[in-house]
Structures are given as structure tokens and as C-alpha cells.
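Chain letters run A, B, ... following the sequence lines, proteins first and then strands; every chain starts at 1. Quick caveat: nothing in here was measured; it's all calculated off a predicted structure.
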Amino acid sequence: MCAPPSASAAPAARIAGLRAELDALLKRHRAAAASSPPPSPAADHASDPAPPLPGAEVLTPIGAYHRVITRLPAHSAHGAVRLDALLGAGVPRPLFRGQPGRAAGFDARRALLLDTETTGLAGGTGTYAFLVGLAFFVGDEFQVHQLLMRDHGEEAALLSDLAALLPQFDTLVTYNGKAFDVPLLEARFCLARREVDLRRPAHLDLLFPARRLWRGRTENCRLATLEREICGFERTGDVPGAEIPGIYFEYLRNRNPARLARVLDHNRYDLLSLAALLVRVLGLVRDPRRAAGAGAEDLVRIARLYAEDGDLRAARTMLEEAACFGGGACRTAALEQLGDACRRLGDGAGAAAAWEALLAEPHAAPPPEVFLRLARHHLAEPGGAAAAVRCLQEGVTRARDLETRARLERALARAERRAR
Amino acid sequence: MSRGAAPIESALERVLGRKGEEVITAVRRVPARAARFADWPAGLPETLVAAYRARGIERPFVHQALAWEHVAAGRHAVTVTPTASGKTLCYNVPVLARCLADPSTRALYLFPTKALAQDQVAELQEVIDRLGAPIKTWTYDGDTPDDARRAIRAQGNIVVTNPDMLHQGILPHHTKWAKLFQNLRYVVIDELHTYRGVFGSHVANVVRRLKRICRFHGSDPVFVCSSATIANPAELASRLVEEPVALVDDNGAPSGEKVLVFLNPPVINRELGIRRSYLTTARSIAAEFLKREVPTIVFATSRLNVEVLSKYLKEEFERRPHDAGMIRGYRGGYLPNTRREIEQGLRRGDILGVVTTNALELGIDIGALGACVLAGYPGTVASTWQQAGRAGRRAGVSAAVFVAKSEPLDQFMVTHPEYFFSKPPEAGLVNPDNLLIRVAHVKCAAFELPIRDGERFGGDDLPEILKYLQEERILHPADGRWHWNQEVYPADTVSLRSVANENFVIMDQTRQNQVLAEVDYASAPATVYEDAIYLCESEIYHVKRLDYAQRRAYVARVDADYYTDAITGTAVKVLEVDGAAEVAGGASAEGEGGADLPSPRPSPAAAGEGEGARAEGKGGAHIPPPRPSPAAAGEGEGAGADGDVAGATAPVAVAEHGDVHVAWRVSGFKKIKFATRENVGFGTVNLPDQEMQTTACWWILRAGALAGLPWTRAEVLDGVVGIAYAMQHIAPLLLMCDVRDLERCVGDRGATWFAKADRESRGRYAFAAADGQPAGLTLETLPRFEPTLFLYDNYPGGIGLSPELFARRDLLLAATRAAVAACGCAEGCPSCVGPVVEMGLSAKAAALAILERLVGAVASPPRVETAS
Ligand SMILES: [Zn+2]
């Protein structure tokens, strides 16, 4: 009784009607979306005589794709950073958080730097990595290989070469690759019915240490910002990342490589900056005292990386130094963390000393735990009850909200009973 | 706790004995039914049987064993059983058995709502705990935390979710769910009957996508569905699954005796057809049961009414401090914890009475109650049985009382109880090939997996759609496949609850412009114009501003004692005819197999004309001659004062269905008092004209229907407009849909004139010549007067209602006639042809006269006035 509407009656007329209806709906959309930014001036470039796409076609048994190889001497500099500083460098353990045992085997010659350009940021199976940028050391060269699918039909060949390349490396280096590039490539491999284990190599995602080191100190933690501020490299004529999917869609339609070539430049810069940033991060984290331009604040931040990794002794040493040389907010942060590190190391006296010093800081706003822990430390000492009471009284007067105040008052009451 | 039958019987006695007040129109005793058991099927794991035995299930009911047989043989199946008949066992047994045999097995359970999903997981988990097997069950919905999501993808044997989540969260990321899709053996679709109309049409497309992804990952799951009783469960299931589905409807579950009472509040104003408030009546009926400590559930038709009724009942039954909590309200907006607590209270018997919306109609376990009061017709026969089933034990008597509102459908049901008791419930209809819905899902499908040339996704015109999407730069063809070619994520912009993704968003100014709700693009002009009263949940809002370009309406909460009703002028143009048939008129057709309304005259000849029987007669004793050619149709024909062509042989009407273009304009609105339905004012609306293409069913009234009627053409037109009003309100009787899912229009088949209402006419419908007609064309000077009555799907592209209306057109006409005839008002009222002030004094009489000719002149059916 609910037979499908008869499609046989007049298919052509029917489809024409359907098209009209769809058109009407989509036009309404465009009118509603008229306030969104206009499309980039693609047409301007269309009239330029198009230089051919750099690089060359690669033929594989399952089809072709396009590859651009850039060779640099390993000793070249990117901004203020020499890339060969990586060779022979070790990776401090804290950078491989959650992957214990990976650090010992790090060899820059078996590290693959990876950065993809995609048709969108939304993720999901309909997002393509149309350009896979790879960078690695070969002999005395640092090479950048950019694998490009010039159309969707080339994806399979591109992925098959990528899959063949991956086993040659032990470590992946990315910027936000854990959340973005790797899951995206996993989806692409799955859709291409290829079993590739992207979780096999160690994965050094620099976004995590970069945030630890520079959040709040640079405008933001985007790679392009850090390359400027941390690596001293200034890009010119870069394509904004947000325009990249549109440029690729446009290339699919008109095959004009001019703007796509700029995406290749963008991706190559990203990879070089990734290498340079890796040099900086490794240098800083491995030995902050000797790293160029490092200050007390770097020490505090790096100490936190070590503390999170469980290396509390290294953290304590750095924090002691930072507390010594740093001033203001840097010193209070160092003292607070130092107290905590000492406590976790079982060094009660060290912790107490750090907290006492913290409370003596004029602008310190220590959390209630500092008062509670310090008081507990005093109570554990013979005759320390009076000191505990003083400490908690101080806490009560400094409390910034009622809940904290009540909590400290309860502790104070207990300490007072002990003092009597 | 079990309370005896005596209090229920004595409460019933009181209800039936309320002489001189309400009119009891029916008392039916549905006898108790004994359980029919089967043996546990051979081949079921012993541990599973033991686990069920430990839960007190010694042996399965016959329908449970039958479902197993189909599913075990790899056949898709749909089980149709009433409330509390153990339907979950029908799908849990095969799924668990397979999981025990092969721990890599995966199953996907779909429930229409989150609450139901959580309820089912709890029950399933109990069985699994008894099994002691490492079978993992998870709910996956918007609230699932991220780390749990990873675990579910990797190891969940049974993933319980809803269609929206499958559509937006799972399918677009199917590679992350590879384990699930590679090993997917069963897809369970519970509450299948809720997947109808727009929602069902979307879900059918989500199932298409699901099957496509399964094929990619190499699985071919069996669909196991369960549904409430509807007219076409197997058909609806196979429309959703697009494969044959075996029907299991031999219910073996026992039930106690049930007494059903139909009750109509007394008329207090005969002229205007106003009855006493059904809420007041429902409340006093519920009180009879509650007084005797009979656990009672009251169903109200809106959240506002839930609040009103529960407030009254609380005042009456929670006078003493320790009574607090005896009466509870329950509805969708409550927090999950509150709802769980109420459900538990009902199961344990701590709560005596609950007032609820249809939120408690679906399978949530609340134990067995003694009595049920339906304050207002729930809209469908299926829902009525579901709700009535909430009172009922496997042993002992229970009672369900239906209290009618004054709406046409309520009044039809309460005055024609035979209809209710003799008819199968409505059909669940979907239109998975609605173009807009389908195109939205073609996009989602291409995002999930490039579409191959030659692939199928619904109807034949997929290549056209793909080409269209290429032109729109949404898809890109390469290598024989169509690839997603945009940055955005298409599922995010496709809501399963509306046809086009251009909903108007309603923002609450009283709550920092929080989003309150969304309204479909097509219905926005008639619901959220400036100064409209917008009802949402239990609150009344006033529309302060409508930003049409941005698709936003700003509303503020107010106290108002009126609602607003848009005045809409509509014009319908026929684009294509998909089927036509002569209306047999006097020879009342019974084409649709048992259109056994109380009244239709037994047909003297086999006049039943099936669908597709064209107007150009096929012979048969009483089929009128072919209609006159336009040239011959000029003078003398037609209705009103000028017509005298005799009725006996003149054609009565032609019914057609097909594609139409609808243009409408909202020019004003009426303010109508909630309590009395009195019109208390008007307002003006300035909105652009609207148009859409959709499907419709229409009746062209010919000479035989109108000739010789003692009214002017204008009065006859009022009558036809009244029939359209009644038909639109009665149509949900046949289709499982809401009154608002359909719209109506009266005009000319050739689109030269329409009966339109506007601000100036204060909502009264009047003749209006269409644009481009010669000046001075009036109703009286029309060369030919053949009013045509259109009912159309109120969604762009149609959602499957119109073809079904056409198929059941005779039944619709008969029911409409019966409803108008049975109404006790004098000259028309909101319960039949519409309020008399708007319809004119002769509308009801004219409507009835025309309906008699369409259906067959028979005596009015006797109205049921007293208890049987
Ligand atoms: Zn009436």
C-alpha cells in the first residue's frame, strides 16, 4: 500500500522537477550564507601562465601519483637553527611521555618527520590527506619528500608507497600528529584496505612539549608562530592554512598548479620548521642550563616535564636553580613545585623549606594544600604544633573563598587542640 | 505488590454509574488470555537457558521461539507484540547465543531515545551477569566520555545507540569502528513503529548507509526488529531494511482481563459544540481509582497538561505529610535521575499515581499498574493500545478509560467505538526516496565511502543526483567513483527530524537567547511569525522578532490565555498525476478490503475499484459513465442554484494523487482563547510567499456531487472547505501521522481559482481568482464549478502520506462523513467542519449533503449514547 511513487511515468520530467526543487533549496542557502567571507581571488591566478608543478610523476604497480623531492645539505640552517644538530642527539625521556623505553633507542637517522595537508579539519572518513610531506636524513642530506595525489584516483598508489616507506623508520615526529595526522592516515589506510600499523614507531608529537614550554609566552602555540619566535625563521608569501582545502578543490577542477605549488611550499616550510623546533626542544629539555637563551622560567617548565615523567630528582635540581635565579611569579612557581617535588621524594625538610620560602614571597597566592601540608610537616616534628597553628592562621587570613577558609579553619581547630 | 481486583471493579462501577454527567459510549471487556509456551529451541547454549530460568523464565512464549527460528535461519524478522510481552527476549536470545559461540560477535541495538537505550542495557546486563560470560554491552550516545568511546569501539560486543548517533557519530567514522562493522551479525531495531514520517524516511536512509558500510567491511547483518501493533509492521520493516522481513505476530504472552471504557465529557454549549473540559473529567476519573489505592497512570497529550493534572491530583491525594510523592509527573524534560527514580517507585509500588506524556508509552519498565486514564486521544489506535497496555497484569483485571477532547479525531473515536475495536491500527508510512532527504544522505554516504558508478542508493535516479552534486562542487568524480569534495562534515547539517536542513532556530530571550527549539523551514511561516504564540514543552512563548534571513525567531516567555492560528492562503497546482479513480459515490466502494465503518451501505454490486482503475471507465454495473469532455461540460452543469442535472447517473467525483506545487502566504493570524476556543482578535503578518513541491491526494467534485443542492455556489464552497477541514483532521485515523503533517486546500484542478483566507477576510475562506485570470472572474461567472479538495504532505518532496490517502480514499470519505454526521453541533464547530463563525451558517449542512453523495446516501449512523 505504500508503493514507491511511480518513477516510470516520465523520468526526465521528474528529474527536471527534482533538480528545480533542489536548486531552489540550495539557492536559499546561498542567500542565507551571503554574509560569509567571499571566496579567495582564485580567478586572478588563472590568467597567469602556469608554471608546471615541480617534481615528477611516480609510477607504481597500482597507479601513479606525484612526488616532489627537495634535497638540502644536512648542515643547512632553518632560521637560526642548524638541522644537523639533530644527528647524534638523544631524546630526553620526558618527551616520550607514555611510551617508556622509547627514548633510549632514538636515532635521528631513523626518524621520519611527517606533516599532511588535508581537505578539511573536521576528520571523518571523507577527509583526504591529499599531500603527505615527509622529511628525513639520508647520508649527508636532509631530504623532503612530498607525496601528492593529483586526483582521488592516485590515493591508492600514494598510500602504497607511504606504507612501504614507514617500516624504515623507528620514530615519527609530528606537530599535533597524535590527534590529527595519524588517525587521519589510519582512516585512509583502512579505506584503501591496507594494514599499516602507525602505532608501531615511537611517536614524538611536539605539540605536547611545545605547549608545556611556551604556552602563555608566545602569541599561541601554532607551528608558524613558534618557527618565528623560537627558531627565528620568517616565512614570506605563505598560504594561510584555512585556504588550503579550497586551493586543492580548485586544482581538482581547473588543474592550474600555480596555487597548489604554494601549498607545497607551505608544507615544506612546516617540515623544516618541525625539524628546527625539534632541535630547539631537544636542546632545551636535555640540558636547559646550557641551552642558548634559556632562563629560569624555562627551567620551571622543563622541571614540570621531568616531574610528570617521574624524574623528581632532575626536577628538584632545576627548580632549586630556578628559585635561586628567578624572580616574581617565576620564583613562586618554582618554590611551589619544588615543595611538591621534595615531598614526593620524601624530603620533608626540603619541602618545608620551599614552602616557608614560598609563604615569605610578597605576592604569592599559594593553594590551601601548601598550608595544610606545611602544617602537617610541623605537627610531625616534636613541639611543632605552635608552628602549625601559625601556619594555618596565616592560611585562614589569606583564604580567597569561604570553602577554602572553612577547610583551613577545621584544620586549624585540630592543630590548636594538639597545641594545648 | 499486588492489589486485588475488588477496588478496580468498585472504581469502575462508580465511573460507569456517573449518570447525567459524562456519556459513556463504550464498555468492552477484553477477556484474559492464557500463556502459550514453546520449548527452548534446540541448539541454544545451556548456560543461556539456565540464565533465563534463573530470572524466572521457565520456557519461552511461542512468539519468542518463532522469532528465534527466523533469526537463527538468517532471516530478518519483525516481532509485533503488545506492551510487556517479553519482546526483548526475541532479540537478546539470538544475540547472546551467538556471542557465547563466537566472542568476536558484534551487535548494534538502535532505540529511538537515549532513555530507552539505557533501560534496555540495564536489563541486558542482568542476563549477561548471570551468564558470567565476557560479553560487553555499552551505550554509545552524546554523553559517552571519550576514553569509554575507545573501549567501546575496540571491545563492545553489543553497542546500544540511537539513529542520530549512528548517523552523526558512528558511520562518518566507520574506520574507527572497523571491529564492529567487520563482525556485525545483528542489527536490532526496537520500537520500529516510531520510525515513520520524516524521521522514518531519514532512518531508512541511515540504514542504507549502514548496509553499505557493512558491505565494505565484509559483514551482512540480520535485522531483528520489534514493533508495537500497527497495520503494516512487516511492510514498514521491509521499507526500512529494503529486504523481505518475516513477521512474527503470534503473541503467546498471557494477559489478564482488561476493561476499556470510552467516555465523552458532556456538552455544555450545544450551539458552539463546547463540551466540559476533558481534563476536569479525566482528573475525577483518575481520582476514583486513586481513592481506592489502585496504582494508576494518566496519559496527557501535552507537557503542560501533565503539569496541570499532576498539580490537581497532588492537591487531592497528598494532603497528609507522609503522602508526599504518592503522585508524580513524568515527562521528557525531567532529568534522567528523576525519571529513573520515578520508574523505580512505580515498579516498587511506592508511587500510587503518575501523570505522563507519551514518554512512558514506549517500553520503559514501570511494572504492572491497575488503571490507566487517557486524557485525550493519543492520536493513533496503536498508541491507544500501547498506553492502555500500561495498565494490565498478566493475571487479574485492569481498567483503561479514554476521555475524549473536542477535537474531530477524538470525537470520531468516542462516538464510533466500533471503529476503534474492529479496525487494525494505522499504517506506519515512510518515503525513503523523498528527494531532499535522499540527497542529504547521498552526501553523507559519499563522505563515508566514495560512491561507485553503478552503485544503488534508493531510486533509479542516483546518477542524476550525483551529477547534480558535482555541479554544486559537493562531489568530485575520479576513477569511477564519486568523492566527497568539501571541507565540512555533511552529517552535522542533516537532522533526522526535519526534511530540509534549513530549520529556523528559536531563541529564548528570557534565557540569554538559549536555543529553545527548531522549526522546519516549511512550517516556520505559519508558526513563528512575529506576535505568534509559540507553545513549547509546558511553556507559552510570544514571538518578539523573526529574522527571516538568518532563520531565527526570538521569543519570550509570557502568560497568555490564548494561542494564535495563522491565516493562510494556499494555491495548489498539479504537476503530475500518479493515479486516478472515479469516486463511486452512491455505490459505496469497499475497495480497500473491509472498510467496515459502522454505516456504509452494503454495496449492491461489486463496485470496489482498486487503485489505478482510471476514470475512463472499466465497465461494471454502477460505475458512472466517462466524464464529459471539457467542451461539452459548459452550461447547466455544476452546482448551486443553477444546477439541475440529476444525480443518479452524473459523475460524482474523481480522486487523483501525484506531485503538486504549493504556494502559500501567511497574511495574518487569529487569537483564540484556550478555554473556550473563542476568537478574541486578529493580527497581521508580513512574510514572503512560500512555495514547495510535494505530493498530494485530491478529489475533483463533479456535477453528481453538487447538482441540485439548495445553496449558492458560495455556500457550497463553504461546505467543501468544511469537508477539507474535517478530512485533514480525520486523516490521522488512517495514517500514523499528526494533523500538521498534512495540509489542505480547496480550489480548482486547473488552478484558475482557490478558496483563500487572508487578513482582510479575518480568516474566512472565500473565492479568489488565480493570477493571470481574466479580470472580473467571480464565483458566479465561472463557466464550470468543480471545486477540488487537496490534501498534501506538508513537507517538501512528501513523506509517503498522500499515496496512502489515495489507496484508502473510500475509507477516508466514509469516516469523514460519519464524523460530521455524528457531531452534535447545530451549524458546525471545531469538532467537525470548523467553527461556525468562520465557516458560514450552511457549511455543515452543505458539507454533509455533499459527503452523502460522495459516500452514498444512507441514514446517519445511530449515535452511541449510553453504556452498552
Ligand atoms: Zn460540530
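Between chain A and the residues B/K176, B/H217, B/Q486, B/H661, the most heavy-atom pairs under 4.5 angstrom are made by B/Q486. Between chain B and the options A/G153, A/G124, A/A122, the largest number of non-hydrogen pairs under 4.5 Å is found for A/G124. In terms of heavy-atom pairs under 4.5 angstrom with chain B, the leader among A/T119, A/T118, A/L252 is A/L252.
For A/A242, the part lying under 4.5 angstrom from a heavy atom of chain B is the backbone only. For B/R481, no part sits under 4.5 Å from any heavy atom of chain A, backbone or side chain. Within the 4.5 angstrom heavy-atom criterion, no atom of A/Y248 approaches chain B. There is no contact between B/P490 and chain A, counting heavy-atom distances below 4.5 Å.
Checking A/T174, A/N267, A/N176 one by one against A/D115, the side-chain hydrogen bond (donor to acceptor under 3.5 Å, both in side chains) holds for a single residue, A/N267.
Applying the side chain to side chain contact (heavy atoms under 4.5 Å, CB included) test to A/E308 and every residue at least two apart in sequence or in another chain returns A/R97, A/F208, A/R212, A/R304, A/L305.
Sequence neighbours left out, the pairs with a member in residues 148-158 of chain A that pass side chain to side chain donor-acceptor pair (under 3.5 Å) are A/E57-A/R150, A/R150-A/E154, A/D151-A/R255, A/D151-B/H476, A/E155-A/R188.
Taking the six-membered ring for Trp and the full ring otherwise, the centers of B/Y548 and B/F504 sit less than 6.0 Å from each other. Under the 6.0 Å cut-off for aromatic ring centres, B/F447 and B/Y489 qualify, their centroids lying closer than that.
Between B/C444 and B/E448, the closest side-chain pair of non-hydrogen atoms falls below 4.5 Å.
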